[in-house]
Novice: 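Shown below is the structure under consideration.
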Amino acid sequence: MSERESSLQPLVQRFEPYQVERLRQAFPILAQRIYGKPLVYLDSAATSQKPQAVIDAMSRFFLEENANVHRGVHYLSLRATEAYEQTRAKVQRFLNAAHAEEIVFVRGTTEAVNLVAQTYGKVHVHAGDEVLISAMEHHSNIVPWQMLCEQSGARLRVAPIDDAGELQLDELERLIGPRTKLLAISHVSNVLGTVNPIQSIVELAHAQGAPVLVDGAQAAPHLQLDVRALGCDFYALSGHKMYGPTGIGALYGRRELLEAMPPYQGGGDMILSVSFDKTLYNKPPYRFEAGTPNMVGAIGLGAAIDFLGGLDADALAAHEQAVLAYAQEALATVPGLRLIGTARDKIGVLSFVLDGIHPHDIGTILDREGIAIRTGHHCAQPLMQRYGLAATARASLGCYSNEQDIDALLAGLAKVQEVFR
Ligand code: PMP
């Protein structure tokens, strides 16, 4: 074990009570200065920063284990395969799925949704059917369904939200009917921070025989997940939002559903046998993993899950809620600031607009202060339209965010207002 590893190991395990300052030391990038100012990273909803343990696991894979998985009989290939499949089991435990075969590795949430649309959707959604989504979806949980509807002649329906950014459950219930062939909904909104009541939504959908896909991109880094308790049929997540690398994510699918689904892409690894007359497909999850997978990405995702597992989940949630409450109070003191997304149940995403100042100007001025926030439509243009906005500024929190980050944001916003006075 290297010196760095041995100093990190206990760090990850000793977070009771939550020691955010020590936790920050596990993220080397946070020590950087930007334009001579300490980095204030408030863009974790776009992508999270990576702890040293994830970086180390990935470089260790290249240094010691790299070989193609599932194909070789040699030592390194077997070792790489074992590491890759161990991550599948880690994702299974992370989601509390019943079987490791219910976990399909994908590039991320976007690919997971496209996979379900183009396999399950192609088989089950026909002309006259309906796919139901909500008004707060990310484009990656809208466009794949629009594409499916165009291909099949089905209709895309949209459950509305109220001004606070909460789903209108009575309206959702009204929209679910015998034509509904699938309901696709985000667990947590990337713009509003709203946490949707997935369990209740699943009950409503299942009562009408409609399976439910949950977009968990924003939930996975913040909430304790249990797909069996949620009752959902599919659950999608992205590694890079949960302290892991880009280019890797997972799709959970209930075994019976995955087994009945046709392949997504054709190629190596997804087959049992190939001849020019007939190809027999492999069983799930391999049926859906054509080609050499993102092995090092999977290793990094596994390390990220270990990292999250090393934190006390209740303490993490309490810390993130405390910083969110602090931020909401702080932002309420800024003249002319309107918070978009005030749901009762929400996580640390703070979208806002400032009277008379374009969000891009806010982002640019804050950047010169070393503060990273996101501005724009956040890949949720229909949601922006719902609020009559073209864009918002968005500060989003991660496990390493602290009250000093919010103080810096507040000081930065005062500078923004000075410039536009
Ligand atoms: N859904 C939500 C709610 C998201 O926030 C994002 C990423 N911004 C996605 C889906 C897409 O994730 P990815 O780009 O990792 O595929």
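Every number for a ligand or one of its atoms is a count from 1 in the order of the listing. Quick caveat: nothing in here was measured; it's all calculated off a predicted structure.
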Novice: Could a heavy atom of Glu137 be found less than 4.0 Å from some atom of ligand 1?
Specialist: no

Novice: In terms of residue, atom name and distance, what is the protein heavy atom nearest to atom 5 (O) of ligand 1?
Specialist: Gln218 NE2, 2.7 Å

Novice: Take every heavy atom of Cys379, measure it against each atom of ligand 1, and state whether any distance is under 4.0 Å.
Specialist: no

Novice: Counting non-hydrogen protein atoms only, what is the nearest one to atom 10 (C) of ligand 1? Give residue, atom name and distance.
Specialist: Ser140 OG, 3.0 Å

Novice: Quick check on contacts: which atoms of ligand 1 are under 4.0 angstrom from a heavy atom of Ala217?
Specialist: 1 (N), 2 (C), 4 (C), 6 (C), 9 (C), 10 (C)

Novice: Do the ring centers of Tyr252 and Phe94 come within less than 6.0 Å of each other?
Specialist: no

Novice: Can Arg88 and Glu85 be counted as an ion pair, charged N to O under 4.0 angstrom?
Specialist: yes

Novice: Are Phe105 and Tyr84 near enough that their ring centres are under 6.0 Å apart?
Specialist: yes

Novice: Of the protein's non-hydrogen atoms, which lies at the shortest distance from atom 4 (C) of ligand 1, and what is that distance?
Specialist: His138 CD2, 3.4 Å

Novice: His378 and Thr392: side-chain donor and acceptor closer than 3.5 Å?
Specialist: yes

Novice: Does Arg368 qualify as a cation-pi partner of Tyr35, given the criterion of NZ or CZ under 6.0 Å from the six-membered ring centre and within 45 degrees of its axis?
Specialist: yes

Novice: Give a yes/no on ligand 1: does Asp215 have at least one heavy atom closer than 4.0 angstrom to it?
Specialist: yes

Novice: Using a strict 4.0 Å threshold on nitrogen-to-oxygen distance, state whether Arg386 and Asp163 make a salt bridge.
Specialist: yes

Novice: Checking a contact table here: which protein heavy atom is nearest atom 8 (N) of ligand 1, and how many Å away?
Specialist: Lys241 NZ, 2.6 Å

Novice: Can you name the atoms of ligand 1, numbered from 1 with element, that are less than 4.0 Å from a heavy atom of Ser238?
Specialist: 12 (O), 13 (P), 15 (O), 16 (O)

Novice: Does this structure show an ion pair linking Glu369 with Lys415, if we count only N-O contacts that are shorter than 4.0 Å?
Specialist: yes

Novice: Are Tyr326 and Asn402 close enough that a side-chain donor and a side-chain acceptor fall under 3.5 Å?
Specialist: no

Novice: Considering only protein heavy atoms, which is closest to atom 14 (O) of ligand 1, and at what distance to one decimal place?
Specialist: Thr110 OG1, 3.6 Å

Novice: Is it the side chain (CB and beyond), the backbone, both or neither of Glu111 that lies under 4.0 Å from ligand 1, heavy atoms counted?
Specialist: neither

